[in-house]
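Read through the structure below, which is laid out as structure tokens, and then see the notes.
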Number of protein chains: 2
Amino acid sequence: MAAPTSRRRASVMDVAREAGVSVGTVSNVLNRPDVVKDETRARVEQAIAALSFVPNGVARQLRSRTVTTVGALVLDIRNPYFTDVARGIEDRLSLDDHTLMLASSDDDPERERRYLRLFEEHGVLGMLVVPGSAGTRAVEEVHARGTRVVLLDHPSSIPGIPSVAVDDRAGGALAAGHLLERGHDRLVLLNGPHTIRQCVDRQRGVRDAVERAGLDPDEVVREVTVSGMDARGGDDAMRRLVADRDGAAPEAVVCVNDLVAIGAQRALRALGGTALLRSTALVGYDDLDISSELASPLTSVRQPALEMGYRAAAILLEDDRSVEQHVVFQPELVVRDSSTYAG
Amino acid sequence: MAAPTSRRRASVMDVAREAGVSVGTVSNVLNRPDVVKDETRARVEQAIAALSFVPNGVARQLRSRTVTTVGALVLDIRNPYFTDVARGIEDRLSLDDHTLMLASSDDDPERERRYLRLFEEHGVLGMLVVPGSAGTRAVEEVHARGTRVVLLDHPSSIPGIPSVAVDDRAGGALAAGHLLERGHDRLVLLNGPHTIRQCVDRQRGVRDAVERAGLDPDEVVREVTVSGMDARGGDDAMRRLVADRDGAAPEAVVCVNDLVAIGAQRALRALGGTALLRSTALVGYDDLDISSELASPLTSVRQPALEMGYRAAAILLEDDRSVEQHVVFQPELVVRDSSTYAG
DNA sequence: TTGAAAGCGCTAACAC
DNA sequence: GTGTTAGCGCTTTCAA
């Protein structure tokens, strides 16, 4: 294998010269091979090989205004839920031979802006965005400027922007309802910031369930905001909670996602071993693959991540008024040990 | 927010006309604002705002040959190990205001080719690639044509291509050595295909450890190839193993990664409950965040994923001969319950 | 400090 | 079937 040449990449001109044809013919070989005489095409293909010619996609895109790249911006690439969504997206894209540019905002408005901008400047075919705390303003602007957008994990209230989401309010109610049914009358909600729509909706759902049980949400539900929506955040929050109660664990806890729940479990075990862990009824959210494999297998609210990604990508590509533009999936409760030891 | 106009995006020409200046001046405002008279600049900026002008990055890249995008191709985006690596890459890139285009080959040569091609045609600044079963051939070609490449998770044997990897052979030896020390003299290795370099090296390491213990690897080690390097693959393989042995679990198992180990645990629990699970000593690889939270907390070989990504990105960006071009990190064994119940 | 004009590499008319 | 040429939107000389 030769060393990397610092020479300029070969261009259609070079290929044309090498093959003794015009650039138009080279372009034809590249894009409409059937229109070129066999013998000419062979010569051009030989020249392409000889020069290791790789077409400049940037120039092509500029000229032909055809793109095959879709951008996706998720909240947190380290959260398996979002990688499942991404996988669903890719599954759909690859059907049309399109490719995915994946990025993670980490709910940092600055990063979100940067990536939206990058996608827009790059002229992607469209983008799939999970908006963060900063709201949908930035996305709306992108959309207003003419780029196709589908909101992910966010019910769209914006005319012209389709969306794919899960009914988070129903999910919150599912989680809390389960704990109430099991006789718990005090709930802690380990939630993310209220700037994130999912967190607000799940909290509302929790309160719905409490009201439905004939109780007063303000008395029953104690909401604690985690420092981050990952294991670390759940761990920290649970430590604070236990410290507040002189070493006792809260009776029943709803966590905003499985990672937070896993962190909360970790804290409980660290502070008081299995005994403390089992004194709490815990429900997570997302039903990650690994949630069933935990020391205390997690009761969790399942969201159809892969399907959501697939559907969102389909809406973007099909851009078809006959397809439903606002899809809401229903979550589902999966009951395991973490919520059934206690009580 | 206005509906998406199907109108063409505004161009520098439009901005120039609106502001009553030439396109050159608009370009200067965009790229060298200090060289433009305050008052002119203000007028141009106003025009930009009025027209919602977003520069066409494709045209810019074509003309100025400056890129800020780096491509990364990992084996499996759903494996937290690789998302950690990706995160390390991003951390380094964002220092230079560069952005990451992330893709997953799923060890499918076809997908690998597609993404390498996409990156190359797009003219990325460079790429970070975890090669799959298909080997490094495709990457070498890309490199030979002049694109900067850093191999990830693969010790480079290719002149001019830097690499960042972990010593997998040492890791395999660490895992097996631990089990041997605990008195096991039959090991099952749940491995991925030998077309993947990591798998071969880890197997060699396992055999090293056996030899070091004065035993014969051919007698001690039984290697089983999983159908996929994820929980599903581990689950399937373990079921086959147990069936082969009339319902008994193997004494000691080294898994090619934590996901496989988690799947293996799942199978054991499903087949024979905690009793069967605890009759096996199990070691994983990667030390995922959640591995410590499992029903049977996983003994695992830790690889510094984040640091690897960071380092690889640094090498790519710095492109500096004074920086070591072949970095090999050393893995580390983390002992937990999964390997210490049994025996 | 600004404007005019060339050209990045490609595709798509259109002419032959 | 193939060649010629304009031009995608931008940056970058060079001149004024």
Side-chain angles (χ1 to χ4, degrees), chain A residues 7-45 47-48 51-68 117-118 120-125 145-147, chain B residues 7-45 47-48 51-69 117-118 120-124 145-147:
Chain A
R7 259 196 355 276
R8 209 178 90 276
R9 257 160 79 155
S11 76
V12 276
M13 271 272 289
D14 301 320
V15 174
R17 193 177 309 125
E18 173 86 11
V21 297
S22 75
V23 291
T25 301
V26 175
S27 176
N28 279 335
V29 170
L30 257 29
N31 303 298
R32 282 181 245 72
D34 40 301
V35 101
V36 182
K37 191 163 63 173
D38 281 11
E39 193 235 306
T40 318
R41 176 153 39 79
R43 278 221 317 288
V44 172
E45 277 163 353
I48 288 177
L51 299 175
S52 306
F53 168 72
V54 175
N56 182 328
V58 172
R60 169 189 310 208
Q61 185 180 333
L62 178 60
R63 177 61 234 237
S64 72
R65 324 182 136 272
T66 57
V67 212
T68 59
R117 181 88 182 187
L118 178 77
E120 191 176 6
E121 292 193 353
H122 246 66
V124 294
L125 184 59
R145 283 185 226 110
T147 301
Chain B
R7 260 200 348 277
R8 208 178 91 273
R9 255 161 79 157
S11 77
V12 276
M13 270 272 287
D14 301 319
V15 174
R17 194 177 310 125
E18 172 85 11
V21 297
S22 75
V23 292
T25 301
V26 175
S27 176
N28 279 335
V29 169
L30 257 28
N31 304 297
R32 285 183 243 72
D34 41 300
V35 100
V36 182
K37 191 163 62 171
D38 281 13
E39 194 234 304
T40 316
R41 174 154 38 80
R43 276 218 319 286
V44 172
E45 278 163 352
I48 288 177
L51 299 175
S52 306
F53 168 72
V54 175
N56 182 328
V58 171
R60 167 185 308 193
Q61 185 181 331
L62 178 60
R63 178 60 235 241
S64 71
R65 325 186 135 267
T66 56
V67 213
T68 60
T69 311
R117 182 85 182 189
L118 178 77
E120 190 177 6
E121 293 193 352
H122 247 65
V124 294
R145 283 186 226 109
T147 300

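When reading the values below, keep in mind they use all heavy atoms of this one structure, side chains included, and skip hydrogens, waters and symmetry mates. Just so it is clear: chains get the letters A, B, ... in the order the sequence lines come, proteins before strands, and each one is counted from 1.
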Main-chain N/O of [Y] paired with [X] side-chain donor or acceptor, under 3.5 Å:
X: A/Arg145; Y: B/Phe53; answer: no
X: A/Arg43; Y: A/Glu18; answer: no
X: B/Arg9; Y: A/Gly146; answer: no
X: B/Gln61; Y: B/His122; answer: yes
X: B/Arg41; Y: B/Val29; answer: no

Whole angstrom value for the distance that separates [atom2] of [N] from [atom1] of [X]:
X: A/Arg65; N: D/dA6; atom1: CZ; atom2: C1'; result: 14 Å
X: A/His122; N: D/dG9; atom1: NE2; atom2: P; result: 16 Å
X: B/Asn28; N: D/dC10; atom1: CG; atom2: P; result: 14 Å
X: A/Arg9; N: C/dC8; atom1: CZ; atom2: C1'; result: 13 Å
X: A/Glu120; N: D/dG9; atom1: CD; atom2: P; result: 15 Å
X: B/Met13; N: C/dA4; atom1: CE; atom2: P; result: 11 Å
X: A/Asp38; N: D/dT2; atom1: CG; atom2: C1'; result: 15 Å
X: A/Arg63; N: D/dT5; atom1: CZ; atom2: P; result: 15 Å

Problem - Side-chain N,O (A/Ser27) to OP1/OP2 (C/dT11) below 4.0 Å - result: yes

Problem - Phosphate OP1/OP2 of D/dG9 contacted by B/Ser11 side-chain N/O (<4.0 Å) - result: no

Handout entry: Strand contacts (DNA chain C) in residues 55-62 of chain A, 4.0 angstrom heavy-atom criterion
Key = A/Pro55, A/Asn56, A/Ala59, A/Arg60

Handout entry: Atom pair CG (B/Asp34) and CG (B/Asn28), whose distance is rounded to the nearest 0.5 Å
Key = 9.0 Å

Problem - A/Arg117 vs B/Val54, side chain to side chain contact (heavy atoms under 4.5 Å, CB included): CA-CA, chis, key distance, verdict - result: CA-CA 9 Å; A/Arg117 181 88 182 187; B/Val54 175; 4.3 Å; yes

Exercise for the section: Tell me which of A/Lys37 and B/Gly24 sits closer to the 5' end of DNA chain D, going by the nucleotide each one is nearest to. Expected result: A/Lys37

Handout entry: Closest to side chain of B/Thr25, choosing from D/dT11, C/dT2, D/dT5
Key = C/dT2

Completion exercise
Note: for A/Val12 and B/Val36 on DNA chain C, the residue whose nearest nucleotide lies more 5' is B/Val36

Within the 4.0 Å heavy-atom criterion, would you say [X] contacts the bases, only the backbone, or no part of the nucleic acid?
X: B/Arg32; value: sugar-phosphate
X: A/Ser64; value: sugar-phosphate
X: B/Val26; value: nothing

